[in-house]
Structure formats: C-alpha cells, structure tokens
Number of protein chains: 2
Amino acid sequence: MNIGAVSEKSGLPAKTIRHYEDIGLLKPDRAGNGYRDYSMVDVHRLRFLQRSRSLGFSVEECRQLLSLYGDSDRESADVKAIANAKLSDIDRKIAELIGLRDMLRHLVKNCHGDSRPDCPIIEGLAGEARVQ
Amino acid sequence: MNIGAVSEKSGLPAKTIRHYEDIGLLKPDRAGNGYRDYSMVDVHRLRFLQRSRSLGFSVEECRQLLSLYGDSDRESADVKAIANAKLSDIDRKIAELIGLRDMLRHLVKNCHGDSRPDCPIIEGLAGEARVQ
DNA sequence: CTTGAGATTCCCCTTACTGGAAGGTTTATG
DNA sequence: CATAAACCTTCCAGTAAGGGGAATCTCAAG
C-alpha cells in the first residue's frame with residue numbers, strides 16, 4: 001500500500017508518516033520502484049499514533065504504548081507496569097476532560113450574550129485539580 | 001505574586017509561564033524591581049492552560065478557549081459557536097481515551113506474561129474511529 | 001555584608017512536525 | 001506514443017512550544 005492510501009486510512013499527513021519512520025516508529029517495506037510499501041499492521045500502528053498523539057501523549061509515550069505489543073521481546077512484568085502507569089494517566093485525562101466539558105457546558109448555558117463584564121465561569125476555569 | 005509562587009500554583013514551569021507571556025496569553029504587572037507580579041486571574045488562566053495543553057489542545061485552541069471569557073469584547077454568538085465546537089472535540093477525546101483505557105485494561109488482564117507471539121489486542125489498537 | 005535563593009534577559013537547543021524545492025514514477029488522456 | 005497530472009522520493013529549511021544554561025540583578029537571612 002502506498003503512502004497516500006495509508007495517509008487517508010490513518011488520518012495522518014504523509015509528511016508525518018515519513019517522520020515517524022525516521023524516528024523508528026515503523027519500518028515499511030520498499031517496492032521495486034523505491035516507494036514505501038505499507039502493511040495493515042503499519043496502518044494500525046499509525047492510527048494508534050494519531051489517536052494517542054491527539055490525546056496529549058508524547059511520541060516517547062506512544063512508543064512505549066506501542067511496545068506493549070508487537071515487540072516480541074516484551075516481558076510481562078514490564079508490560080503490566082507500563083500499562084498500569086498509562087492507565088492512571090488516562091484516567092486523569094478523562095477526569096480533566098470531563099471537568100473541561102462541564103465548564104464549557106455551563107458557559108454555553110449561562111453566558112447569555114449581552115457582554116456582561118463578570119462571568120462567574122472564571123472560577124471554574126482553573127478546575128479544582130490539586131496542584132502537584 | 002512572584003513567578004515562583006505562580007509556577008507552583010499553576011503546575012507550569014517558570015520558563016513556560018514567561019513563554020506564554022511572550023506569545024501574548026497574559027500580561028502580568030511589573031513590580032518596582034522589575035519582577036513580574038501576577039494576579040489570581042493570571043493563576044487561573046495558567047492553570048487552565050496547563051490543563052488544556054496536557055489534553056492535546058494547541059496553544060491557539062487554548063487562546064480561543066481563553067477568549068471565551070475575560071475579553072470583554074466577546075460576542076455571545078461567537079462564544080457559543082466556539083464553545084460548542086470545542087465541546088464536540090472534547091466529547092471525541094473522552095470517547096477515544098475511554099477506548100484507549102479499555103484496550104489497556106484488556107491487555108493487562110489478558111496478556112499473561114509468556115511472550116506469546118500473537119496478541120489479539122492489536123485489532124483494538126487502531127480503534128474503530130471512522131477515519132475522515 | 002555576604003551568601004544563597006529567586007528573578008531577569010538572552011541565546012541556543014530540542015521535539016515534533018510542516019513546507020517547499022528538485023526530481024523520479026505511474027496513470028490518464030489526446 | 002507523448003505528455004500532463006498525480007504521486008512518490010530525498011533534502012533542507014522553518015515553525016511551534018517549550019527547555020537548558022549563562023550572566024546579571026534583587027531580596028531575605030545570618
């Protein structure tokens with residue numbers, strides 16, 4: 001499969017896909033003409049990257065997540081440790097997104113258009129997340 | 001309030017706080033000695049930035065979200081349009097995080113340590129999100 | 001008064017892409 | 001068959017969003 005098709009299927013620009021290859025996140029075959037030749041596994045990895053990057057995980061975190069499978073030299077204890085750590089991150093992110101969503105919903109409901117100066121939503125903006 | 005205290009309260013490094021000032025996300029006062037002097041509103045904005053950046057929103061998106069209040073020249077229709085667009089984004093992100101979490105949970109439960117070659121989790125990795 | 005913690009600016013480095021040039025390949029069309 | 005459009009290649013440079021660290025300044029404590 002050529003890079004254009006993979007781009008469409010993964011939702012990532014071709015530039016980004018080549019970049020991910022440069023930094024070792026995947027290694028597509030090459031066709032006789034020099035074009036990259038992607039498999040469905042590559043598409044899965046790229047889709048996964050698209051998702052997790054857009055959710056605020058760094059490329060290195062994504063690399064760890066990807067290593068949870070596929071790398072046949074994985075060790076069960078490592079896998080579980082990494083996965084559990086990421087599960088905490090994810091739970092926190094979900095909670096924060098829900099907080100953000102509620103805040104915006106409140107804003108949409110209560111801020112009724114006349115540009116009144118003091119909007120009580122400002123309090124909610126910072127969330128009640130414990131710092132540190 | 002000095003930048004150190006604000007850093008602690010917002011969870012952002014001082015470097016990042018100064019950077020946000022450079023790109024116009026806040027304008028703290030200056031004390032007589034040249035030190036930046038932050039208000040509680042600044043702290044709120046910074047906390048908000050910390051949260052939304054870590055959730056995968058770009059700085060420009062954060063700028064839009066911040067403009068939903070504080071800018072007294074806001075127009076109700078604009079506010080609602082932006083807020084509603086962001087609400088969709090947030091809902092999608094939440095759904096994706098839940099998908100990611102379920103996948104990891106499944107992996108933790110089912111991948112029982114002996115490095116067996118084929119893990120069915122790979123299917124789940126890409127999610128069933130419709131591309132495009 | 002001096003010592004250490006915290007502030008300032010400035011400049012360069014890093015991460016994670018993104019745009020564009022210059023050129024090779026494949027596909028559709030006259 | 002020619003040739004133009006669409007796709008692919010590499011390479012180089014730029015952007016976005018910070019981070020490291022030097023050189024200097026200021027404040028609080030002993």
Side-chain angles (χ1 to χ4, degrees), chain A residues 1-39 42-43 45-67 86 89 93 96 131-132, chain B residues 1-39 42-43 45-67 86 89 93 96 131-132:
Chain A
M1 195 183 329
N2 280 353
I3 201 167
V6 174
S7 168
E8 213 167 312
K9 287 186 197 228
S10 66
L12 287 170
K15 285 271 188 183
T16 303
I17 296 172
R18 293 196 194 96
H19 173 68
Y20 286 165
E21 180 179 350
D22 287 346
I23 63 176
L25 288 172
L26 52 104
K27 294 191 195 71
D29 290 343
R30 291 286 176 145
N33 56 10
Y35 286 19
R36 292 169 177 84
D37 184 18
Y38 296 90
S39 69
D42 293 325
V43 173
R45 291 177 76 89
L46 289 167
R47 259 195 190 165
F48 176 76
L49 284 164
Q50 189 280 319
R51 279 213 301 168
S52 39
R53 287 290 296 127
S54 85
L55 294 170
F57 290 99
S58 74
V59 166
E60 286 316 306
E61 288 177 308
C62 292
R63 195 191 297 276
Q64 283 198 321
L65 286 165
L66 279 172
S67 81
K86 292 304 170 203
D89 291 354
K93 280 177 191 283
E96 288 180 347
V131 176
Q132 213 64 357
Chain B
M1 194 184 331
N2 280 354
I3 200 168
V6 174
S7 169
E8 213 167 313
K9 287 186 199 231
S10 66
L12 287 170
K15 284 271 189 183
T16 303
I17 297 173
R18 293 196 193 95
H19 174 68
Y20 287 166
E21 181 178 350
D22 287 347
I23 63 177
L25 287 173
L26 36 70
K27 295 193 195 71
D29 289 344
R30 293 285 175 146
N33 56 10
Y35 285 18
R36 290 168 178 83
D37 185 18
Y38 296 90
S39 69
D42 293 325
V43 173
R45 291 177 77 89
L46 288 168
R47 260 195 189 164
F48 177 76
L49 283 163
Q50 189 281 320
R51 279 213 298 168
S52 39
R53 286 291 293 127
S54 85
L55 296 170
F57 291 98
S58 74
V59 165
E60 285 318 304
E61 288 176 309
C62 293
R63 197 192 295 276
Q64 280 198 323
L65 286 164
L66 279 173
S67 81
K86 291 305 169 201
D89 291 353
K93 279 177 192 281
E96 289 182 346
V131 174
Q132 211 64 354

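First the proteins, then the strands, lettered A, B, ... as listed; each starts at 1.
- As a whole-Å value, the separation of B:R63 CZ from D:dG18 C1' is 15 Å.
- Between B:M1 and B:D42 there is no side-chain heavy-atom pair separated by less than 4.5 Å.
- When distances run from any side-chain atom of B:R30 to the nucleotides C:dA16, D:dG19, C:dT8, the shortest one goes to C:dT8.
- Contact check for A:S52 versus A:E61: no side-chain heavy atoms found under the 4.5 Å cut-off.
- Side-chain proximity of B:T16 to C:dT8, D:dG18, C:dA16: nearest is D:dG18.
- Between the OH atom of B:Y38 and the C1' atom of C:dG6 there is a distance of 13 Å, rounded to whole Å.
- Dashed line: the shortest gap from a side-chain N or O of A:N33 to OP1 or OP2 of C:dT26 is under 4.0 Å.
- Checking C:dA7, C:dG19, D:dG18 against the side-chain heavy atoms of B:I3 singles out C:dA7 as nearest.
- The B:H19 side chain lies nearest to D:dA17 when the options are D:dA17, D:dT9, C:dG20.
- Among the protein residues, B:R36 comes within range of the sugar-phosphate backbone only, with heavy atoms under 4.0 Å from sugar or phosphate atoms but none that close to a base.
- Residue A:D22 contributes atom CG, which lies 14 Å from atom P of C:dT15 at whole-angstrom precision.
- A:I23 comes within 4.0 angstrom of nothing in the nucleic acid, heavy atoms only.
- You'll find a donor-acceptor pair under 3.5 Å spanning the side chain of A:Y35 and the base of C:dG24, going by distance alone.
- Checking A:R51, A:K93, A:R63, A:Q64 one by one against A:F57, the side chain to side chain contact (heavy atoms under 4.5 Å, CB included) holds for a single residue, A:K93.
- Across the protein-nucleic acid pair, A:K15 atom NZ and D:dT10 atom C1' stand 9 Å apart, rounded to whole Å.
- Spacing between atom CD of B:E21 and atom P of C:dA7 amounts to 14 Å, rounded to whole angstrom units.
- For the pair A:S58 and B:A5, both in contact range of DNA chain C, the more 5′-proximal nearest nucleotide belongs to B:A5.
- Between B:L66 and B:L26 there is no side-chain heavy-atom pair separated by less than 4.5 Å.
- Taking every side-chain heavy atom of B:R53 into account, D:dA17 is the closest of D:dC8, D:dA17, C:dT25.
- Note on A:R18: a base of the nucleic acid sits closer than 4.0 angstrom, heavy atoms only.
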